[in-house]
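Report on the structure given below.
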Number of protein chains: 2
Amino acid sequence: MNLALIKEKITNCGLKFTHQRMVIFLALTKSESHPSAEQVYEEIKGSNPSISIATVYKTLDSFVQAGLLRKTIDQNGVMRFDSKLDAHSHLYCKTSHEIRDYENEKLEKLLQDFIESNDFDGYEIDEINVVFKGHKREKTIN
Amino acid sequence: MNLALIKEKITNCGLKFTHQRMVIFLALTKSESHPSAEQVYEEIKGSNPSISIATVYKTLDSFVQAGLLRKTIDQNGVMRFDSKLDAHSHLYCKTSHEIRDYENEKLEKLLQDFIESNDFDGYEIDEINVVFKGHKREKTIN
DNA sequence: TTGAGTGCAAAACTTTTGCATGGGG
DNA sequence: CCCCATGCAAAAGTTTTGCACTCAA
(Lines give C-alpha, C1' and ligand atoms only; values in the text may rest on other atoms or scores of the structure.)
Protein backbone atom coordinates (compact mmCIF):
# COMPACT_ATOMS: atom_id res chain seq x y z
CA MET A 1 0.00 0.00 0.00
CA ASN A 2 1.44 3.40 -0.93
CA LEU A 3 1.85 6.26 1.47
CA ALA A 4 -0.64 8.58 -0.21
CA LEU A 5 -3.34 5.95 0.14
CA ILE A 6 -2.57 5.48 3.81
CA LYS A 7 -2.73 9.22 4.38
CA GLU A 8 -6.09 9.26 2.64
CA LYS A 9 -7.42 6.43 4.77
CA ILE A 10 -6.36 8.14 7.97
CA THR A 11 -7.68 11.58 7.08
CA ASN A 12 -10.90 10.22 5.57
CA CYS A 13 -12.09 9.06 8.93
CA GLY A 14 -11.48 12.40 10.59
CA LEU A 15 -8.13 11.60 12.19
CA LYS A 16 -5.19 13.96 11.91
CA PHE A 17 -2.38 12.61 9.83
CA THR A 18 0.81 12.25 11.83
CA HIS A 19 4.11 10.51 11.34
CA GLN A 20 3.35 8.10 14.17
CA ARG A 21 0.02 7.11 12.68
CA MET A 22 1.64 6.58 9.34
CA VAL A 23 4.32 4.21 10.59
CA ILE A 24 1.90 2.34 12.83
CA PHE A 25 -0.59 1.84 10.03
CA LEU A 26 2.19 0.81 7.68
CA ALA A 27 3.48 -1.74 10.17
CA LEU A 28 0.02 -3.26 10.44
CA THR A 29 -0.54 -3.53 6.71
CA LYS A 30 2.87 -5.11 6.21
CA SER A 31 2.43 -7.69 8.94
CA GLU A 32 0.81 -11.04 8.35
CA SER A 33 0.83 -12.14 11.94
CA HIS A 34 -1.74 -9.92 13.63
CA PRO A 35 0.76 -8.19 15.88
CA SER A 36 0.24 -7.01 19.43
CA ALA A 37 0.78 -3.38 20.45
CA GLU A 38 4.17 -4.38 21.84
CA GLN A 39 5.15 -6.04 18.57
CA VAL A 40 4.14 -2.98 16.58
CA TYR A 41 6.19 -0.89 18.97
CA GLU A 42 9.23 -3.13 18.58
CA GLU A 43 8.82 -3.09 14.82
CA ILE A 44 8.78 0.67 14.46
CA LYS A 45 10.96 2.01 17.23
CA GLY A 46 14.16 1.24 15.36
CA SER A 47 13.34 3.97 12.87
CA ASN A 48 11.32 6.04 15.35
CA PRO A 49 13.20 5.89 18.63
CA SER A 50 11.20 8.60 20.39
CA ILE A 51 7.83 6.95 19.86
CA SER A 52 5.98 5.97 23.01
CA ILE A 53 4.21 2.71 23.71
CA ALA A 54 1.26 4.76 24.99
CA THR A 55 1.00 6.40 21.59
CA VAL A 56 0.97 2.99 19.96
CA TYR A 57 -1.90 1.87 22.18
CA LYS A 58 -3.83 5.11 21.66
CA THR A 59 -3.28 5.07 17.93
CA LEU A 60 -4.31 1.44 17.53
CA ASP A 61 -7.41 2.18 19.52
CA SER A 62 -8.21 5.20 17.33
CA PHE A 63 -7.83 3.05 14.24
CA VAL A 64 -10.14 0.40 15.67
CA GLN A 65 -12.74 3.05 16.58
CA ALA A 66 -12.43 4.48 13.08
CA GLY A 67 -12.91 1.06 11.54
CA LEU A 68 -9.46 0.93 9.96
CA LEU A 69 -8.39 -2.07 12.03
CA ARG A 70 -9.98 -4.90 13.91
CA LYS A 71 -8.99 -6.00 17.35
CA THR A 72 -9.07 -9.46 18.85
CA ILE A 73 -7.77 -10.95 22.04
CA ASP A 74 -5.53 -13.96 21.84
CA GLN A 75 -5.34 -17.01 24.10
CA ASN A 76 -2.98 -15.12 26.41
CA GLY A 77 -5.30 -12.16 26.85
CA VAL A 78 -3.14 -9.95 24.65
CA MET A 79 -4.72 -7.57 22.12
CA ARG A 80 -3.94 -8.38 18.52
CA PHE A 81 -4.64 -6.17 15.54
CA ASP A 82 -5.79 -7.11 12.08
CA SER A 83 -5.74 -4.83 9.06
CA LYS A 84 -7.86 -7.18 7.01
CA LEU A 85 -11.43 -5.93 7.15
CA ASP A 86 -13.49 -8.37 5.12
CA ALA A 87 -15.11 -11.43 6.65
CA HIS A 88 -12.56 -14.11 7.40
CA SER A 89 -11.62 -16.57 10.09
CA HIS A 90 -8.38 -17.32 11.87
CA LEU A 91 -5.92 -20.07 12.58
CA TYR A 92 -4.24 -19.97 15.96
CA CYS A 93 -1.13 -21.93 16.82
CA LYS A 94 -1.22 -22.89 20.48
CA THR A 95 2.53 -23.30 20.51
CA SER A 96 3.78 -20.10 18.90
CA HIS A 97 0.68 -17.95 19.52
CA GLU A 98 0.85 -16.97 15.87
CA ILE A 99 -2.45 -15.90 14.38
CA ARG A 100 -2.99 -16.31 10.66
CA ASP A 101 -5.86 -15.46 8.40
CA TYR A 102 -8.00 -18.30 7.22
CA GLU A 103 -9.93 -17.27 4.16
CA ASN A 104 -12.61 -19.55 2.85
CA GLU A 105 -15.59 -18.10 1.05
CA LYS A 106 -17.73 -21.17 1.53
CA LEU A 107 -17.22 -21.08 5.27
CA GLU A 108 -18.06 -17.39 5.51
CA LYS A 109 -21.19 -17.85 3.43
CA LEU A 110 -22.20 -20.83 5.52
CA LEU A 111 -21.81 -18.80 8.68
CA GLN A 112 -23.65 -15.80 7.28
CA ASP A 113 -26.53 -18.04 6.22
CA PHE A 114 -26.53 -19.61 9.65
CA ILE A 115 -26.82 -16.24 11.36
CA GLU A 116 -29.63 -15.14 9.08
CA SER A 117 -31.68 -18.28 9.46
CA ASN A 118 -31.38 -18.83 13.18
CA ASP A 119 -32.62 -17.27 16.34
CA PHE A 120 -30.14 -16.19 18.99
CA ASP A 121 -32.43 -15.90 21.95
CA GLY A 122 -32.73 -12.14 22.14
CA TYR A 123 -29.25 -11.33 20.84
CA GLU A 124 -28.73 -9.03 17.88
CA ILE A 125 -25.65 -10.62 16.31
CA ASP A 126 -23.40 -8.23 14.41
CA GLU A 127 -20.14 -10.14 14.43
CA ILE A 128 -18.96 -13.71 14.36
CA ASN A 129 -15.57 -14.91 15.44
CA VAL A 130 -14.25 -18.25 14.31
CA VAL A 131 -10.85 -19.47 15.39
CA PHE A 132 -9.44 -22.84 14.43
CA LYS A 133 -6.96 -23.74 17.11
CA GLY A 134 -4.24 -26.31 16.95
CA HIS A 135 -0.59 -26.82 16.31
CA LYS A 136 1.38 -26.06 13.24
CA ARG A 137 2.73 -29.38 11.99
CA GLU A 138 6.48 -29.53 12.03
CA LYS A 139 7.93 -29.98 8.62
CA THR A 140 9.18 -33.54 9.04
CA ILE A 141 12.61 -34.12 7.59
CA ASN A 142 12.08 -37.81 6.86
CA MET B 1 -24.30 -32.33 40.71
CA ASN B 2 -23.82 -34.06 44.06
CA LEU B 3 -20.73 -33.78 46.19
CA ALA B 4 -19.66 -37.41 45.87
CA LEU B 5 -19.62 -37.10 42.11
CA ILE B 6 -17.52 -33.95 42.29
CA LYS B 7 -15.06 -35.67 44.60
CA GLU B 8 -14.86 -38.54 42.17
CA LYS B 9 -14.21 -36.22 39.24
CA ILE B 10 -11.43 -34.46 41.08
CA THR B 11 -9.69 -37.57 42.37
CA ASN B 12 -10.12 -39.45 39.10
CA CYS B 13 -7.74 -37.13 37.35
CA GLY B 14 -5.04 -37.51 39.97
CA LEU B 15 -5.74 -34.33 41.91
CA LYS B 16 -5.99 -34.35 45.68
CA PHE B 17 -9.45 -33.64 46.97
CA THR B 18 -9.56 -30.50 49.08
CA HIS B 19 -12.27 -28.28 50.43
CA GLN B 20 -11.12 -25.41 48.22
CA ARG B 21 -11.28 -27.53 45.10
CA MET B 22 -14.71 -28.72 46.05
CA VAL B 23 -16.20 -25.27 46.47
CA ILE B 24 -14.49 -23.92 43.37
CA PHE B 25 -15.72 -26.77 41.23
CA LEU B 26 -19.19 -26.45 42.70
CA ALA B 27 -19.26 -22.72 41.94
CA LEU B 28 -18.38 -23.45 38.33
CA THR B 29 -20.99 -26.10 37.81
CA LYS B 30 -23.66 -23.91 39.35
CA SER B 31 -22.83 -20.87 37.27
CA GLU B 32 -24.32 -20.26 33.85
CA SER B 33 -22.27 -17.19 33.06
CA HIS B 34 -18.73 -18.49 32.53
CA PRO B 35 -17.28 -16.69 35.50
CA SER B 36 -13.84 -15.17 35.82
CA ALA B 37 -11.43 -16.17 38.59
CA GLU B 38 -12.40 -13.03 40.46
CA GLN B 39 -16.10 -13.86 40.16
CA VAL B 40 -15.52 -17.38 41.46
CA TYR B 41 -13.57 -15.87 44.33
CA GLU B 42 -16.37 -13.43 45.16
CA GLU B 43 -18.91 -16.22 44.96
CA ILE B 44 -17.18 -18.54 47.40
CA LYS B 45 -15.40 -16.29 49.86
CA GLY B 46 -18.57 -15.58 51.82
CA SER B 47 -18.61 -19.15 53.05
CA ASN B 48 -14.82 -19.60 52.83
CA PRO B 49 -13.32 -16.35 54.10
CA SER B 50 -9.74 -17.58 54.32
CA ILE B 51 -9.53 -18.71 50.70
CA SER B 52 -6.94 -16.95 48.60
CA ILE B 53 -7.37 -15.56 45.10
CA ALA B 54 -4.07 -17.24 44.20
CA THR B 55 -5.57 -20.58 45.16
CA VAL B 56 -8.54 -19.87 42.93
CA TYR B 57 -6.24 -19.16 39.98
CA LYS B 58 -4.08 -22.21 40.67
CA THR B 59 -7.07 -24.47 41.14
CA LEU B 60 -8.82 -23.29 38.00
CA ASP B 61 -5.62 -23.86 36.08
CA SER B 62 -5.29 -27.38 37.53
CA PHE B 63 -8.85 -28.14 36.47
CA VAL B 64 -8.19 -26.88 32.96
CA GLN B 65 -5.01 -28.97 32.73
CA ALA B 66 -6.95 -31.97 33.96
CA GLY B 67 -9.68 -31.42 31.39
CA LEU B 68 -12.40 -30.72 33.95
CA LEU B 69 -12.92 -27.16 32.75
CA ARG B 70 -12.35 -25.13 29.64
CA LYS B 71 -10.84 -21.70 29.59
CA THR B 72 -11.51 -18.87 27.22
CA ILE B 73 -10.54 -15.23 27.15
CA ASP B 74 -13.20 -12.61 26.84
CA GLN B 75 -13.18 -9.34 24.89
CA ASN B 76 -11.51 -7.63 27.85
CA GLY B 77 -8.66 -10.10 28.08
CA VAL B 78 -10.07 -11.71 31.20
CA MET B 79 -10.00 -15.48 31.65
CA ARG B 80 -13.42 -17.09 31.79
CA PHE B 81 -14.13 -20.67 32.78
CA ASP B 82 -16.66 -23.09 31.40
CA SER B 83 -17.70 -26.35 33.01
CA LYS B 84 -19.53 -27.54 29.91
CA LEU B 85 -17.24 -29.88 28.05
CA ASP B 86 -19.12 -30.99 24.96
CA ALA B 87 -18.89 -29.12 21.69
CA HIS B 88 -20.82 -25.88 21.81
CA SER B 89 -20.51 -22.27 20.79
CA HIS B 90 -20.98 -19.02 22.65
CA LEU B 91 -22.97 -15.82 22.61
CA TYR B 92 -21.16 -12.75 23.86
CA CYS B 93 -22.91 -9.55 24.81
CA LYS B 94 -20.66 -6.60 24.02
CA THR B 95 -22.51 -4.46 26.52
CA SER B 96 -22.61 -6.63 29.62
CA HIS B 97 -19.67 -8.94 28.78
CA GLU B 98 -21.93 -11.83 29.64
CA ILE B 99 -21.02 -15.11 27.95
CA ARG B 100 -23.72 -17.66 27.37
CA ASP B 101 -23.69 -21.09 25.85
CA TYR B 102 -25.09 -21.44 22.38
CA GLU B 103 -25.98 -25.04 21.72
CA ASN B 104 -26.94 -26.04 18.23
CA GLU B 105 -26.22 -29.54 17.05
CA LYS B 106 -26.52 -28.67 13.39
CA LEU B 107 -23.94 -25.94 13.72
CA GLU B 108 -21.49 -28.18 15.57
CA LYS B 109 -21.90 -30.93 12.99
CA LEU B 110 -21.46 -28.44 10.18
CA LEU B 111 -18.23 -27.21 11.75
CA GLN B 112 -16.94 -30.69 12.43
CA ASP B 113 -17.60 -31.68 8.83
CA PHE B 114 -15.87 -28.54 7.68
CA ILE B 115 -12.75 -29.35 9.70
CA GLU B 116 -12.66 -32.91 8.42
CA SER B 117 -13.06 -32.02 4.79
CA ASN B 118 -10.72 -29.06 4.56
CA ASP B 119 -7.04 -28.43 4.64
CA PHE B 120 -5.61 -25.98 7.13
CA ASP B 121 -2.26 -25.31 5.59
CA GLY B 122 -0.10 -27.36 7.89
CA TYR B 123 -2.17 -26.89 11.01
CA GLU B 124 -3.45 -29.84 13.03
CA ILE B 125 -6.77 -28.45 14.25
CA ASP B 126 -7.95 -29.85 17.57
CA GLU B 127 -10.34 -27.16 18.67
CA ILE B 128 -12.71 -24.67 17.15
CA ASN B 129 -14.00 -21.56 18.84
CA VAL B 130 -17.11 -19.85 17.59
CA VAL B 131 -18.42 -16.75 19.28
CA PHE B 132 -21.47 -14.87 18.10
CA LYS B 133 -21.06 -11.32 19.27
CA GLY B 134 -23.68 -8.68 19.56
CA HIS B 135 -26.03 -7.01 21.94
CA LYS B 136 -28.77 -8.50 23.98
CA ARG B 137 -32.00 -6.88 22.81
CA GLU B 138 -33.72 -4.89 25.50
CA LYS B 139 -37.10 -6.21 26.37
CA THR B 140 -39.21 -3.44 24.85
CA ILE B 141 -42.10 -2.38 27.04
CA ASN B 142 -44.41 -1.40 24.17
C1' DT C 1 5.04 -38.74 57.14
C1' DT C 2 5.55 -36.19 53.04
C1' DG C 3 4.79 -34.02 49.01
C1' DA C 4 0.94 -31.62 46.90
C1' DG C 5 -2.03 -27.77 48.02
C1' DT C 6 -2.80 -23.33 50.26
C1' DG C 7 -2.37 -18.41 51.66
C1' DC C 8 -0.05 -14.22 51.61
C1' DA C 9 2.45 -10.69 49.59
C1' DA C 10 5.31 -9.20 46.11
C1' DA C 11 6.21 -9.17 41.30
C1' DA C 12 5.18 -9.42 36.48
C1' DC C 13 2.80 -7.98 32.55
C1' DT C 14 -0.40 -5.59 29.69
C1' DT C 15 -3.10 -1.65 29.18
C1' DT C 16 -4.91 2.89 30.67
C1' DT C 17 -4.65 7.50 32.45
C1' DG C 18 -3.13 12.30 33.66
C1' DC C 19 -0.79 15.92 32.31
C1' DA C 20 2.55 18.94 30.17
C1' DT C 21 4.46 19.64 25.59
C1' DG C 22 4.33 19.54 20.53
C1' DG C 23 2.57 20.01 15.90
C1' DG C 24 -1.14 19.55 12.11
C1' DG C 25 -4.98 21.88 9.87
C1' DC D 1 -3.95 29.76 16.89
C1' DC D 2 -6.42 25.97 18.70
C1' DC D 3 -6.97 21.45 19.72
C1' DC D 4 -5.76 17.01 18.86
C1' DA D 5 -1.86 14.03 19.27
C1' DT D 6 2.27 12.69 21.66
C1' DG D 7 5.53 11.21 25.32
C1' DC D 8 6.48 10.17 29.85
C1' DA D 9 5.61 8.26 34.11
C1' DA D 10 2.47 6.65 37.27
C1' DA D 11 -1.51 3.84 38.07
C1' DA D 12 -4.72 0.21 37.33
C1' DG D 13 -6.16 -4.45 36.58
C1' DT D 14 -5.30 -9.26 35.99
C1' DT D 15 -2.44 -13.14 36.59
C1' DT D 16 1.82 -15.40 38.26
C1' DT D 17 5.38 -16.48 41.49
C1' DG D 18 8.13 -17.48 45.75
C1' DC D 19 8.00 -19.27 49.98
C1' DA D 20 6.57 -20.91 54.43
C1' DC D 21 2.85 -23.44 56.34
C1' DT D 22 -0.92 -27.02 56.16
C1' DC D 23 -3.20 -31.09 55.36
C1' DA D 24 -4.94 -35.14 52.48
C1' DA D 25 -3.45 -39.62 51.33
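Within every chain, numbering begins at 1; the chains are lettered A, B, ... in the order of the sequence lines, protein sequences first and strands thereafter.
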| said: Just the rounded figure in Å: distance from P of dT16(D) to CD of Q65(B). | reply: 11 Å

| What is the per-nucleotide protein-contact pattern of nucleotides 18-25 of chain D, from the 5' end, where B denotes a base atom under 4.0 Å from a protein heavy atom, S denotes such proximity for sugar-phosphate atoms only, and - denotes neither? | B-----BS

| said: Categorize S50(B) for me: base, sugar-phosphate, or nothing, with a 4.0 angstrom heavy-atom threshold over every strand shown. | reply: sugar-phosphate

| task | Would you indicate what I53(B) reaches in the nucleic acid, counting non-hydrogen atoms under 4.0 angstrom: base, sugar-phosphate, or nothing? | result | nothing

| End-to-end axis angle, where each axis spans five pairs of the helix from dT1(C)-dA25(D) to dG25(C)-dC1(D), to 10° | 40°

| Would you call K94(B)-D126(A) a salt bridge at under 4.0 Å N-O? | yes

| query | Would you say a side-chain N or O of T59(B) is under 4.0 Å from OP1 or OP2 of dT6(C)? | reply | yes

| Under-4.0 Å salt bridge between E103(B) and K84(B) | yes

| query | More than 12 heavy atoms of other residues, nucleotides or ligands under 6.0 Å from CD of E32(B): is that the case? | reply | no

| Distance test, side-chain N/O of T55(A) to OP1/OP2 of dG7(D), below 4.0 Å | yes

| field | Any R21(B) side-chain N or O less than 4.0 Å from OP1/OP2 of dT6(C) | value | yes

| task | Report yes if at least one side-chain N or O of Q20(B) is closer than 4.0 Å to OP1 or OP2 of dG7(C); otherwise report no. | result | yes

| For H34(B), which of R80(B), H90(B), Q39(B) qualifies under side-chain hydrogen bond (donor to acceptor under 3.5 Å, both in side chains)? | H90(B)

| message | Can you pull out every ring pair (Phe, Tyr, Trp, His ring centres under 6.0 Å) where at least one residue sits in residues 37-73 of chain A? Sequence neighbours excluded, please. | response | F25(A)-F63(A)

| message | Please determine whether side-chain contact (heavy atoms from CB on, under 4.5 Å) holds for the pair D82(B) and H88(B), giving the CA-CA distance in whole Å, both sets of side-chain angles, and the decisive distance to 0.1 Å. | response | CA-CA 11 Å; D82(B) 189 352; H88(B) 65 286; 2.9 Å; yes

| said: Strictly below 4.0 Å: does Y57(B) bring a side-chain N or O up to OP1 or OP2 of dT15(D)? | reply: yes

| query | Any ion pair linking D61(B) and K71(B) (charged N to carboxylate O, less than 4.0 Å)? | reply | no

| said: Under a plain distance cut-off of 3.5 Å, with no hydrogens placed, do Q112(A) and E108(A) share a side-chain donor-acceptor pair? | reply: no

